[in-house]
Amino acid sequence: MKPIAHAFAAACLTLGAALTSPLAVAGPFPDKPIRLVVPFPPGGTTDLLGRVLANRLSEALGQQVIVDNRPGAGGTIGSDVVAKSPADGYTLMFGTVGTQSINSSLYKRLPFDAQKDFTPVALFAGVPNILVVNPKVPAKSVKELVDYAKAHPNALNMGSAGNGTTNHLSGELFKSMAGVQITHVPYKGSGPAMADLLANQVQLMFDNLPGSLPHVKAGRLRALAVTSATRSPALPDVPTMAEAGITGYEADVWFGVVGPKGMPADVVGKLAGEIARIAQDKSTRDKLLQAGASPLTSTPAQFSTLIQHDTVKWSKLVRDSGASID
């Protein structure tokens, strides 16, 4: 019987080795590359900030975080990809206030539920929009712009990245609160809108600060105000909209990571912790501030609450502006 016993023992050792080998038992998350979907084209603010996070997250997790640009329909194409992906933490999205809180009221039909089909993970960064005008516009302050617009109804054209974008809605909020008539001209992205603003084909725009910052610093655009509650460290001499005379005006744009619904709590917790640590790291903060963004941190629960709050806030602006996309 000894040969049989030896054979049995050898078999057990072989089985034990197989069960504990890397191929047989998955290691701690993550044990393979992660895809970070950016639902907008390369080169924009969302892509820029998403790549900052992806690079740092790759270092922190020891696995490559690959940016996958899936633009189209105001972020809904990329959102749909993520909503229908496995909830294992290996497909994430760099979401925005637009994808998570605005599109649900802007689009009549969506192939997913922005509230129910995603797992909020963590905030990462925030940027104000900035009211910029072509230097040929005879206004060097918000008050002068308002006075000019009231004296010349619909003579000014306001560019935006598209109907229902934060550019557009920030402008609609301004028009409503200032009591002015300005013609909205939607574009397919902030790039074409910016090109026409620089050429004075449109005269003003509420742009994400990172997109306008180089042009403001070079003197190609004139900055009148930021839409946040506090001034931006990137342009400390530019007043807030409230300081410039539009009392109560505030419109912030945030960016954060979400995943498909049903992600494991331990995976969410690990990702949230690493993202918060990265956002608080000095080198990351410096990169964000240079780009005109500010680092943000949150727990998954806090992020979920913010999404719900902003969904209510922005849906009212969508209704009041009449913006709608089929």
*Considering only NZ, NE, NH1 and NH2 on the basic side and carboxylate oxygens on the acidic side, decide whether Asp286 and Lys282 come within less than 4.0 Å.*
yes

*State, with a plain yes or no, whether a side-chain heavy atom of Asp88 is found less than 4.5 Å away from one of Val267.*
no

*asked:* Applying side-chain hydrogen bond (donor to acceptor under 3.5 Å, both in side chains) to Ser176 and Glu172, what does each step give before you reach the verdict?
replied: CA-CA 6 Å; Ser176 174; Glu172 293 297 336; over 6 Å; no

*Can Thr311 and Gln115 be said to form a side-chain hydrogen bond (donor to acceptor under 3.5 Å, both in side chains), step by step?*
CA-CA 9 Å; Thr311 297; Gln115 297 290 309; 2.8 Å; yes

*Using ring pair (Phe, Tyr, Trp, His ring centres under 6.0 Å) as the criterion, point out the one residue from Trp314, Phe124, Phe303 that pairs with Trp254.*
Phe303

*Could you tell me whether the side chain of Val146 reaches within less than 4.5 Å of the side chain of Val142, counting heavy atoms only?*
yes

*Does the side chain of Ser212 pick up a donor-acceptor pair with the side chain of Asp207 at under 3.5 Å?*
yes

_Spacing of Ser79 atom OG and Asp117 atom CG [to the nearest 0.5 Å]_ = 10.5 Å

*Check the pair Lys270 / Asp266 against salt bridge (charged side-chain N to carboxylate O under 4.0 Å, His left out), numbers first and verdict last.*
CA-CA 6 Å; Lys270 181 169 185 176; Asp266 59 334; over 6 Å; no

*Please state whether the rings of Phe255 and Phe94 are parallel, tilted or perpendicular, taking 30° and 60° as the class boundaries.*
parallel

*asked:* Counting only heavy atoms not in Lys261 (residues, nucleotides, ligands), do more than 12 fall under 6.0 Å from its NZ?
replied: no

*asked:* Ignoring hydrogens and geometry beyond distance, is a side-chain donor-acceptor pair present between Asn129 and Ser170 at under 3.5 Å?
replied: yes

_Glu250: side chain to side chain contact (heavy atoms under 4.5 Å, CB included) partners, not counting sequence neighbours_ = Ala229, Asp252

*Scan residues 139-157 for pairs that pass salt bridge (Lys or Arg N to Asp or Glu O under 4.0 Å), counting only residues two or more places apart or in two chains.*
Lys143-Asp147

*For Ala279, does its backbone N or O pair with a side-chain atom of Thr284 as donor and acceptor, under 3.5 Å?*
no

*Find out whether the Lys NZ or Arg CZ of Lys32 is both under 6.0 angstrom from the six-membered ring centre of Tyr90 and within 45° of the ring's axis.*
yes

*Search all heavy atoms of Val127 against all heavy atoms of Ala293 and return the closest pair with its distance.*
CG1-CB, 3.4 Å

*Can you name the ring-ring contact (aromatic ring centres under 6.0 Å, His included) partners of Phe174, sequence neighbours left out?*
Phe206

*Ignoring hydrogens and angles, tell me if any N or O in the side chain of His309 forms a donor-acceptor pair with the backbone of Thr305 under 3.5 Å.*
no

*Minimal non-hydrogen separation, Ala87 against Pro264, with atom names*: O-CD, 3.2 Å

